[in-house]
Protein chains: 2
Amino acid sequence: MAKLNSTACTLLGFLHDRPMTGWDLAETVQLTIGNFWNMSRSQVYRELKTLEAGGYVVGGDRGARDKRHYTITEDGRVAFKDWISKEPGQEIARFPMLITVWFGDHLDQDDLGFSLGIHYQRHKKKLEFMQNVMDETDDQSTPAARALRFGYFYEKAVVDWFETLPWFGGEESSGDEPGEKRPSQPRKPSDFKA
Amino acid sequence: MAKLNSTACTLLGFLHDRPMTGWDLAETVQLTIGNFWNMSRSQVYRELKTLEAGGYVVGGDRGARDKRHYTITEDGRVAFKDWISKEPGQEIARFPMLITVWFGDHLDQDDLGFSLGIHYQRHKKKLEFMQNVMDETDDQSTPAARALRFGYFYEKAVVDWFETLPWFGGEESSGDEPGEKRPSQPRKPSDFKA
DNA sequence: CTGGGCATGTAACTCGTTACATGATTAG
DNA sequence: CTAATCATGTAACGAGTTACATGCCCAG
């Protein structure tokens, strides 16, 4: 019985609902917890193999394109319960944009503002999306609703933070304004795909 | 000239200030950008080797406990500038506590509340800390101040989110209250080390 | 002058990412 | 009916983590 990592255990969690293929799982994870839980497609396939080897899931017959549906076993349910009952660890994050900000003195200020603008727009879109998700959720007291609500708070914080930056209307009391007087606008709209 | 990854390039950024040992770098990174940029000590040592092999830094003489100070070279400065000028990627994150929330139906609600309480306290402490950092920063328009300010907004969002949860006073309109009527309190204070 | 903790680094392993292969399905 | 795209999976590599080794330094 190999020791399972958090990626594998998360998959077990989703397999409680219904048997799924690796593809299904990757999609589902992305669309639900993807905001606060990174997982790549290849990881899913690898962990499914580990899970099968340990008897935590059973793979069905291979269908078209070799696809297989995996079903959780009783051992799988037990292993999941053990794992989810443990104290969760601290979060880990890598936010490249903040590195760009941190080392901002090395950059041309207009370029920096442009670059940040792209991310600002992206996060505004995401905030709007999260807002909609929240608004459309009737029951705010389900586990899923609670976790998704975090996404809203997070995106709100990011957007609010952007708006403290001088390129987007913040830091008004400061003497040193960035290169352009006007807040930078997108140079071409195609840059702004969410 | 090996291709450098973002971990290595970040180190180059810090080596602009002064020559440092691996230990120094790990500490510095942790204390400054650690909130939004995870990096383990071992990574630092490995990337320093890569950097030296590529001529981006030069290691000084070995001192006590084999320690070496690494100095950035001109090639290193160029490589850093190239890297920092590129469009930053999207953030990645793993927030185990939100997984716990997401799968909350699998848990006893009191246990869940207790577990979340630990993190709530931790983040309240961190928020307080970030607030102090901000308050003590005279010039809010430096790159470092801007990036650190993000930490404040982030922790604020986390704490606000916690307070939407029924264990900490939120979701009042909902019918289904968790097991205990009173918000859960720490069972033992030693659980609450930040 | 010694023993415990801290500073420093290395090695081995696991996890995460990138690149690829290929068979279905669908649009024109 | 053919090209394009999508669904599905694998393999190889690079990044991140854990465990360890060891010498220095300071409290007693």
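By convention in this document, chain letters (A, B, ...) are assigned in the order of the sequence lines, proteins followed by strands, and residues within each chain are numbered from 1. Remember, it's a predicted structure, so these values are computed and weren't measured experimentally.
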| query | What is the distance from CZ of B:R68 to P of C:dG9, rounded to the nearest Å? | reply | 9 Å
| task | Using the closest heavy atom to pick a nucleotide of DNA chain C for each, name whichever of B:R94 or B:T21 lands nearer the 5' end. | result | B:T21
| query | Taking atom C1' of C:dA19 as reference, at what distance in whole Å does atom NZ of B:K3 sit? | reply | 13 Å
| request: Specify the separation, in whole Å, of atom CG of A:L25 and atom P of D:dA7. | output: 15 Å
| Separation of D:dC24 P from B:K67 NZ (nearest whole Å) | 11 Å
Side-chain donor-acceptor contacts of residues 77-84 of chain A below 3.5 Å, not counting sequence neighbours, with atom names and distances?
none

For nucleotides 10-12 of chain C, tabulate all protein N/O to nucleotide N/O atom pairs closer than 3.5 Å, reporting atom names and distance.
| from | atom 1 | to | atom 2 | distance (Å) |
| --- | --- | --- | --- | --- |
| C:dT10 | O4 | B:S42 | OG | 3.2 |
| C:dA11 | N6 | B:S42 | OG | 3.3 |

| task | Name all pairs fulfilling the salt bridge (charged side-chain N to carboxylate O under 4.0 Å, His left out) condition that reach into residues 29-57 of chain B, sequence neighbours left out, sorted by first residue then second. | result | B:E52-B:R68
| field | Distance in angstrom units between A:E47 CD and D:dA11 C1', rounded | value | 15 Å
| Stepwise, does the ring-ring contact (aromatic ring centres under 6.0 Å, His included) test hold for A:F14 with B:F103? | CA-CA 9 Å; A:F14 281 96; B:F103 290 117; 5.5 Å; yes
| said: Rounding to an integer number of Å, can you tell me how far B:N5 CG sits from C:dT17 C1'? | reply: 12 Å
| query | Looking only at atom types and distance, does a side-chain atom of A:S115 sit under 3.5 Å from a main-chain N or O of A:D111, one as donor and one as acceptor? | reply | no
| note | Quick note, B:Q43 side chain, CB onward, closest among D:dT17, C:dG16, C:dG9 is D:dT17
| query | Going by heavy atoms in the side chains, are A:L116 and A:L165 under 4.5 Å from each other? | reply | yes
| request: May I have the distance from A:M20 (atom CE) to D:dG9 (atom P), rounded to whole angstrom? | output: 13 Å
| query | Does the B:R94 side chain pair with the main chain of A:F36, one donor and one acceptor, at a distance under 3.5 Å? | reply | no
| request: Provide, to the nearest angstrom, the distance between the CD atom belonging to A:Q90 and the C1' atom belonging to D:dG16. | output: 17 Å
